[in-house]
Amino acid sequence: MSMALDILSWFCMLAGGVFCAIGAFGLVRMPDFYTRMHAASITDTVGAWLLLLGMILQAGLTLIAVKLLMIALLLLFTSPTATHALAKAARARGLQPLLAPGEDPSKP
Amino acid sequence: MFAAGAIALLVALALALVRAILGPTVFDRLQAANTIGTVAMLMLAVLGFLTGRPEFLDLALVYGLLNVVGTIAVLKFFRHGDLGAPGEGVEPHP
Amino acid sequence: MHLASLGIVLYAFWLLLSGYFEPFLLAAGAGSALAVVLLSRRMHIVDREGHPIQMIASVLLYWPWLIKEIFKCAWDVSRIILSPSLPISPVLVRFKPTQKSQVGLTTHANSITLTPGTITVEATQDEFLVHGLTRTAGAGVIDSEMDQRVSKVEGYR
């Protein structure tokens, strides 16, 4: 049983780390500010949660697991708020998003 | 296993740092700073497990709270030039 | 009613974070929770909107669906990031959400932002402005399943 839990938590932590790195890689690779935010939100959500889930499985039913769960909840509430504030501030400052060919930036 | 997670997080940290240095706008740098904050928070949690000191989790929680407050404070400063500005117009309740 | 539940939640939060059960720390926690409750009452933020206890049961049903959706979208966006040709087609879409209250609108806007591939740029009562990483992601937020589910969670209709 504990062997299966160990393997599951291994898998979760590895996948979380890989997702974090993919998100950061997208942050470097994407062409403009708005598209970079999509990449960063992978790190903030899936990568972080999988890492925390892996650690929760290692911690078992203790106060440590509760604290890890609180970190996950904190991310669930604060990361979209910060992202939305950034996007809104950028648009209010007049930073135009790069759009696909055929899309009219003045229309929406 | 925790070491593998820590290495992946360090890679993510380095990549986010590249974006923070490249820029080009202030919002790119802020986004990178926010990502670095998230990764640092996870790094603290992993470090707590690596060294067997769960007190690091409290530091991670506080770091996460400071991260979002810091990002929003800097944003507000760039938008209004003033930390005490009232911000958005408050909409009436339905 | 809302004040009492806020106080209980805050005290539980203190106990879980501290993990020590000595008389002094228990009393300090009670004092802090009470102070925060009084301060929030003075700010008039403890009501259906500020402390929405009527949403707890439905939100616990909504989160698993949301997390499943986030994983699906994260997988798609990861494949886009790793593919050599970078097949993105960023779009801006506008649509009208069906939620009535501020809490419902915030939940909807934050759910859209949490999902990789879509970001709410502007959120008002009448209109959401959403930036999508691809055309399909952008089109997927208009009158979506998420919209209906959040309206159900909100519980006004």
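Just so it is clear, the model here is predicted, and its values are computed rather than measured. Proteins come first, then strands; the chains are lettered A, B, ... in the order of their sequence lines, and each starts at number 1.
The two atoms that bring B/A12 and A/A24 nearest to each other are O-CB, 3.4 Å, heavy atoms only.
Only the side chain of A/L52 has a heavy atom closer than 4.5 Å to any heavy atom of chain B. In this structure, chain B has heavy atoms under 4.5 Å from both the backbone and the side chain of A/I71. Using a 4.5 Å cut-off between heavy atoms, A/L74 touches chain B through its side chain atoms alone. Interface remark: B/L65 contributes backbone and side-chain atoms alike to the contact with chain A (heavy atom separation under 4.5 Å). A/I22 does not touch chain B: none of its heavy atoms, backbone or side chain, sits under 4.5 Å away. When heavy atoms are compared at a cutoff of 4.5 Å, B/A16 approaches chain A by way of both its backbone and its side chain. With a 4.5 angstrom heavy-atom cutoff, A/S79 does not touch chain B via any of its atoms. Using a 4.5 Å cut-off between heavy atoms, A/L51 touches chain B through its side chain atoms alone. When heavy atoms are compared at a cutoff of 4.5 Å, B/V26 does not approach chain A at all.
In the displayed structure, B/F2 atom CZ is contacted under 6.0 Å by more than 12 heavy atoms of other residues, nucleotides or ligands. The number of heavy atoms from other shown groups lying within 6.0 Å of OH (B/Y63) does not exceed 12.
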(request) Output, in order, the C-alpha distance, side-chain angles, deciding distance and verdict of side chain to side chain contact (heavy atoms under 4.5 Å, CB included) for B/F27 and A/M37. (result) CA-CA 10 Å; B/F27 299 107; A/M37 297 181 78; over 6 Å; no
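Contacts with chain B were tallied for A/A82, A/A48, A/G17; A/A48 has the most, counting heavy-atom pairs under 4.5 Å. Across B/D58, B/N34, B/L22, the residue that shares the most heavy-atom pairs under 4.5 angstrom with chain A is B/D58. Of the listed residues B/L13, B/V46, B/I7, the one with more heavy-atom pairs under 4.5 angstrom with chain A than any other is B/V46. Between chain B and the options A/D44, A/T83, A/T81, heavy-atom pairs under 4.5 Å are most frequent for A/D44. Taking chain A as the reference chain and counting heavy-atom pairs below 4.5 Å, the highest number among B/L15, B/V39, B/T38 is found for B/L15.
Within the model, atoms CZ of B/F49 and CG of A/L68 stand 5.0 Å from one another, a figure rounded to the nearest 0.5 Å. Rounding to the nearest 0.5 Å places CG of A/L86 at 4.5 Å from CG of B/L75. In this structure, B/L61 CG and A/K67 NZ are separated by 8.0 Å, a value rounded to the nearest 0.5 Å. Atom CG of B/L30 sits about 8.0 Å away from atom CZ of A/F33, to the nearest 0.5 Å. The CD atom of B/Q31 lies 8.5 Å from the OG atom of A/S41; values are rounded to the nearest 0.5 Å. Separation of atoms CG (B/L10) and SG (A/C20) is listed at 11.5 Å; rounding is to 0.5 Å.
Applying the side-chain hydrogen bond (donor to acceptor under 3.5 Å, both in side chains) rule to pairs touching residues 10-27 of chain B yields B/T25-B/D28, sequence neighbours excluded.
In this structure, the side chains of A/M70 and B/L57 stay at 4.5 Å or more apart for every pair of heavy atoms.
Take B/T71 and apply the side-chain hydrogen bond (donor to acceptor under 3.5 Å, both in side chains) test, not counting sequence neighbours, and it matches no residue.
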